[in-house]
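Lettering of chains follows the sequences in order, A, B, ..., and the numbering in each one begins at 1. Computed from heavy atoms alone, side chains included, the values below leave out hydrogens, waters and symmetry copies.
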Number of protein chains: 2
Amino acid sequence: MKSASKRDRILDTAEILFAERGFDGVTLRQIAEGANVDVALASYHFGKKLDLFRAVFMRRAPEINSARREALEQAKQAAGEQGLTVEPIIEAFLRPLELAQETGDKGWENYLALIAYINNSPYWGQQMMSEAFDELVEEFIDALRAALPNAQDSDLYWCYNNLSGALTLTFARTGRIDHLSKGLCRSDDFRAAYDHMIPFVAAGFREVCGKHND
Amino acid sequence: MKSASKRDRILDTAEILFAERGFDGVTLRQIAEGANVDVALASYHFGKKLDLFRAVFMRRAPEINSARREALEQAKQAAGEQGLTVEPIIEAFLRPLELAQETGDKGWENYLALIAYINNSPYWGQQMMSEAFDELVEEFIDALRAALPNAQDSDLYWCYNNLSGALTLTFARTGRIDHLSKGLCRSDDFRAAYDHMIPFVAAGFREVCGKHND
DNA sequence: CATGCTATTCAACGTTTGTTGAATACACAA
DNA sequence: TTGTGTATTCAACAAACGTTGAATAGCATG
């Protein structure tokens, strides 16, 4: 990160700090200090503070979307003519994030924590999340609708809401589960988190949206 | 709220604003203005800003805990000798919150949105949440362990993590599901939210923690 | 009425905030 | 070398921040 351009260092540092403390909990001076850069440079490159926040948020979204889309496409290929069932769809939605977190690139961990913050904030929540991710989410809902032909649409959306909540809490890595389980589970054990989340969520969809065709 | 004591009006207003914008997104002057009170009064009653935040957070926690504990006790009575199954345990954990949100007391809605904010914040998350709720959560984990005798403890905690995430996203009422579903689902339709969450979560627990004895 | 205690306001403090305009450094083309 | 545009720093702004000490009001009890 030392050799990256100053513009990128601002983005990287802002990503870390916004993920930890939220938009209002971070000052431009803290970001500038962390990036070893003058305060005014952030304004020069990104404009207002809110524009910097948006830039951080939008930077990695396309990569997530394409990774998920590709995983869904591969699952469809693998399923062949008999069509997709629930579990591979959920798997395609979630595993790319585990992979992102396991790259060792702390940037991804921070970015996903930032998403957790935004997704659960009534103030920031709806607009940015929808703008960045809803188009692709619809593709997954379509796949789930095909796999669960007896489901009502409202059931599918409510189930997606449960999925989204479980996922973003994992992003946040608050360490609460570490404390609650007395060290038995660790918030940063991504493998364990997703290995438990995928069957959990898939079973929930099947239960609520009808077990037929599965 | 007009006739409440000024001290209470500060708490009520702080609850609203903290839930919307988080700790750093709200100023003491905004709180004072909303409560129709001088700025210095908040410091007089509560000390530092952070102490006010804690006071807001801790105010309603005991009421949630006792409502949940009572619901669990009633479920145990109803189950009799054959012991509790998963679904009534989840129901006892979740329904009291639906009831709180349906009282029409906006204070409860705001408070739960505040919990959503804290639970997903790596900065605030662990300490306050654990302090307020973990003791009671352990009682529910115990009940689930009895209902799922083949479960490993780590499985139970990971499943609780999924439950916690789904629940707190519902608390946040970000309106994203309204947009995503094109109005088919509404974030403030608590009945629908819990009616979908309870079977979803119960099925997840049974799937991950073994279907035996259920 | 006087006394004492709590609640509330007033006024001000020293910092810190986001943002900006001018000044400087840098890179590269002519 | 000179010129030009971009990148970066410097210095400063007005506004807003949390917090505090002293002053005032309200209200019980004596």
Side-chain angles (χ1 to χ4, degrees), chain A residues 1-59 107 110 114 117-118 121-124 127-128, chain B residues 1-59 107 110 114 117-118 121-124 127-128:
Chain A
M1 194 168 112
K2 283 296 169 193
S3 61
S5 78
K6 300 198 174 186
R7 186 177 188 280
D8 286 342
R9 267 153 47 197
I10 291 174
L11 282 173
D12 291 335
T13 308
E15 193 171 57
I16 297 172
L17 297 178
F18 281 145
E20 276 177 2
R21 300 287 316 252
F23 177 78
D24 297 294
V26 176
T27 73
L28 290 175
R29 285 177 166 83
Q30 291 173 321
I31 295 172
E33 185 181 11
N36 242 316
V37 148
D38 188 85
V39 204
L41 196 56
S43 300
Y44 170 75
H45 280 301
F46 302 99
K48 311 285 188 191
K49 183 185 181 186
L50 184 57
D51 297 323
L52 169 60
F53 188 76
R54 282 187 60 90
V56 170
F57 180 75
M58 294 300 174
R59 179 167 61 150
N110 297 325
L114 178 62
Y117 165 74
I118 296 178
S121 158
Y123 194 80
W124 307 102
Q127 171 122 342
M128 284 196 186
Chain B
M1 193 170 112
K2 283 296 170 194
S3 61
S5 79
K6 300 197 173 187
R7 188 178 188 280
D8 286 342
R9 266 153 48 195
I10 291 173
L11 283 172
D12 291 335
T13 307
E15 193 171 57
I16 296 173
L17 296 178
F18 281 145
E20 276 176 1
R21 299 287 317 250
F23 177 78
D24 297 294
V26 176
T27 73
L28 290 176
R29 286 177 164 82
Q30 291 173 318
I31 295 172
E33 186 181 10
N36 243 317
V37 147
D38 188 85
V39 204
L41 195 56
S43 301
Y44 169 75
H45 279 301
F46 301 100
K48 310 285 187 191
K49 184 185 180 185
L50 184 57
D51 297 323
L52 169 60
F53 187 76
R54 283 187 59 91
V56 170
F57 180 75
M58 294 301 174
R59 178 168 61 151
N110 296 326
L114 178 62
Y117 166 75
I118 296 178
S121 160
Y123 195 79
W124 306 102
Q127 170 121 343
M128 284 195 186

Between [X] ([atom1]) and [N] ([atom2]), how many Å, whole number?
| X | N | atom1 | atom2 | value |
| --- | --- | --- | --- | --- |
| A/Leu50 | C/dT17 | CG | P | 18 Å |
| B/Asp24 | D/dC17 | CG | P | 13 Å |
| A/Ile10 | C/dT19 | CD1 | P | 14 Å |
| A/Ile31 | C/dT19 | CD1 | P | 11 Å |
| B/Lys49 | D/dT20 | NZ | C1' | 17 Å |
| B/Arg7 | C/dA7 | CZ | P | 9 Å |
| A/Asp8 | D/dT8 | CG | P | 10 Å |
| B/Phe46 | D/dG18 | CZ | C1' | 16 Å |

Indicate for each nucleotide in nucleotides 9-14 of chain D, in 5' to 3' sequence, whether protein heavy atoms under 4.0 Å reach the base (B), only the sugar-phosphate (S), or nothing (-). BB-B--

Taking side chain as C-beta onward, heavy atoms only, is [X] less than 4.5 Å from [Y]?
| X | Y | value |
| --- | --- | --- |
| B/Leu52 | B/Ile31 | yes |
| B/Ile10 | B/Arg7 | no |
| B/Ile118 | B/Phe53 | yes |
| A/Arg21 | A/Thr27 | no |

Think [X] has a side-chain N or O under 4.0 angstrom from the OP1 or OP2 of [N]?
| X | N | answer |
| --- | --- | --- |
| B/His45 | C/dT8 | yes |
| A/Lys48 | C/dT20 | yes |
| A/Thr27 | C/dT17 | yes |

Distance-only donor-acceptor pairs under 3.5 Å for side chains of residues 40-51 of chain A, two or more places apart:
from	atom 1	to	atom 2	distance (Å)
A/Lys49	NZ	A/Phe23	O	3.0
A/Lys49	NZ	A/Val26	O	2.7
A/Asp51	OD2	A/Lys48	N	3.2

Between B/Ser121 (side chain) and B/Tyr117 (backbone), is there a donor-acceptor pair under 3.5 Å? no

How far does CG of A/Leu114 sit from CD of A/Glu20, to the nearest 0.5 angstrom? 11.5 Å

